Colleague: 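Right, I'll just put the structure down here and ask away after.
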Amino acid sequence: MAEKKQGSGQGKMTVAEAGRKGGQTVKAKYGSEFYSQIGQKGGKTVKEKYGPEFYSEIGQKGGESRRQDIGAAGYSEMGKKGGEARNKEARPNEAVERGPSRKEAATPKVEAEDEDKEAP
């Protein structure tokens with residue numbers, strides 16, 4: 001990480017530390033809502049400049065990058081966690097029970113015929 005000196009004799013502060021300190025100062029002066037407001041303004045400006053398709057493109061790029069990082073198994077795990085969280089949210093006082101998998105639900109069950117029945 002790059003380091004820069006703060007005046008003579010005051011020691012060193014990294015760029016990350018300086019950014020963090022600046023962010024805390026702005027938050028103390030304007031409040032945390034300020035960040036939400038400037039983020040919305042920035043998003044609106046980007047949308048006007050590049051169009052709504054831009055968000056789709058950067059979302060696809062981000063998704064592709066994420067897929068390379070975590071792989072298909074990572075997405076599967078995220079989906080399971082999301083489903084469990086949603087079930088807990090819907091039924092906070094009940095234990096989460098898993099139903100049949102998609103494969104099991106899609107496979108029709110064949111009832112066994114009784115051997116004692118007579119053929120017509």
Side-chain angles (χ1 to χ4, degrees):
M1 176 89 25
E3 292 188 6
K4 292 188 177 186
K5 281 196 169 197
Q6 294 279 58
S8 60
Q10 289 188 358
K12 295 181 180 181
M13 180 182 289
T14 65
V15 174
E17 290 169 337
R20 191 175 303 109
K21 186 176 179 182
Q24 290 170 347
T25 302
V26 170
K27 183 179 176 183
K29 185 173 182 178
Y30 297 107
S32 57
E33 286 292 316
F34 174 75
Y35 289 104
S36 176
Q37 292 169 354
I38 63 173
Q40 288 175 0
K41 287 179 183 179
K44 184 178 178 183
T45 301
V46 169
K47 182 180 174 185
E48 290 171 357
K49 184 173 182 178
Y50 298 106
E53 303 85 28
F54 175 75
Y55 289 104
S56 177
E57 292 172 17
I58 62 174
Q60 288 175 354
K61 288 179 183 178
E64 178 65 25
S65 176
R66 183 75 170 146
R67 185 175 64 93
Q68 290 176 356
D69 289 345
I70 66 172
Y75 275 107
S76 177
E77 185 64 28
M78 278 195 296
K80 288 176 186 175
K81 287 180 181 178
E84 289 172 0
R86 189 166 189 176
N87 282 337
K88 286 179 184 177
E89 192 176 284
R91 297 176 284 162
N93 295 328
E94 295 180 24
V96 177
E97 294 182 26
R98 291 191 182 261
S101 68
R102 287 189 214 168
K103 186 176 181 181
E104 291 171 339
T107 306
K109 292 185 178 183
V110 178
E111 298 292 327
E113 294 184 23
D114 290 339
E115 294 178 10
D116 297 334
K117 288 187 178 179
E118 294 179 21

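Small disclaimer: the values here were computed from a predicted structure and weren't measured. Quick note: numbers below take in every heavy atom, side chains included, and nothing from hydrogens, waters or symmetry partners.
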Colleague: Applying ring pair (Phe, Tyr, Trp, His ring centres under 6.0 Å) as the test, list every pair that has at least one member in residues 48-70; sequence neighbours left out.
Modeller: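 Residue pairs passing ring pair (Phe, Tyr, Trp, His ring centres under 6.0 Å), neighbours aside: Y50-F54.
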Colleague: Is there a donor-acceptor pair under 3.5 Å between the side chain of T45 and the backbone N or O of K41?
Modeller: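 Checking the backbone N and O of K41 against the side chain of T45, a donor-acceptor pair under 3.5 Å is found.
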Colleague: In Å, rounded to the nearest 0.5 Å, how long is the span from CZ of R20 to OG1 of T14?
Modeller: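 Rounded to the nearest 0.5 Å, the CZ-OG1 separation comes to 6.5 Å.
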Colleague: Say whether, by atom type as modelled, one donor and one acceptor occur between the side chain of Y35 and the main chain of G23 under 3.5 angstrom.
Modeller: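 It does hold such a pair.
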Colleague: Shortest non-hydrogen contact from K27 to S32?
Modeller: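 Closest approach of K27 to S32, heavy atoms only: CE-CB, 4.1 Å.
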Colleague: Return the CZ to OH distance between R66 and Y75, rounded to the nearest 0.5 Å.
Modeller: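 Reported value, rounded in 0.5 Å steps: 6.5 Å.
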Colleague: Between the side chains of K81 and E84, is the shortest nitrogen-to-carboxylate-oxygen separation below 4.0 Å, so that they form an ion pair?
Modeller: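 Looking at E84 and K81, the cut-off is not met.
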Colleague: Do Q37 and Y30 make a side-chain contact, defined as non-hydrogen atoms from C-beta onward lying under 4.5 Å apart?
Modeller: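 Counting from C-beta outward, Q37 and Y30 never come under 4.5 Å.
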Colleague: Before you tell me yes or no, could you show the steps for E64 and R67 under salt bridge (Lys or Arg N to Asp or Glu O under 4.0 Å), namely the whole-Å CA-CA distance, both residues' side-chain angles and the distance that decides it to 0.1 Å?
Modeller: CA-CA 5 Å; E64 178 65 25; R67 185 175 64 93; 2.8 Å; yes
Colleague: Can a donor-acceptor pair be found, under 3.5 Å and without considering hydrogens, that links the side chain of S76 to the backbone of A72?
Modeller: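 No, the answer is negative, given that no donor and acceptor are paired below the 3.5 Å cut-off.
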Colleague: Let's go through Q40 and S36 carefully: what are the C-alpha distance in whole Å and the side-chain angles of both, what is the deciding distance for side chain to side chain contact (heavy atoms under 4.5 Å, CB included) to 0.1 Å, and is it a yes or a no?
Modeller: CA-CA 6 Å; Q40 288 175 0; S36 176; 3.8 Å; yes
Colleague: Could you go through E17 and K12, starting from their C-alpha distance and side-chain angles, then the distance that decides it, and tell me whether this counts as side chain to side chain contact (heavy atoms under 4.5 Å, CB included)?
Modeller: CA-CA 10 Å; E17 290 169 337; K12 295 181 180 181; over 6 Å; no
Colleague: Indicate yes or no: at least one non-hydrogen side-chain atom of M78 is less than 4.5 angstrom from one of I70.
Modeller: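 Counting from C-beta outward, M78 and I70 do come under 4.5 Å.
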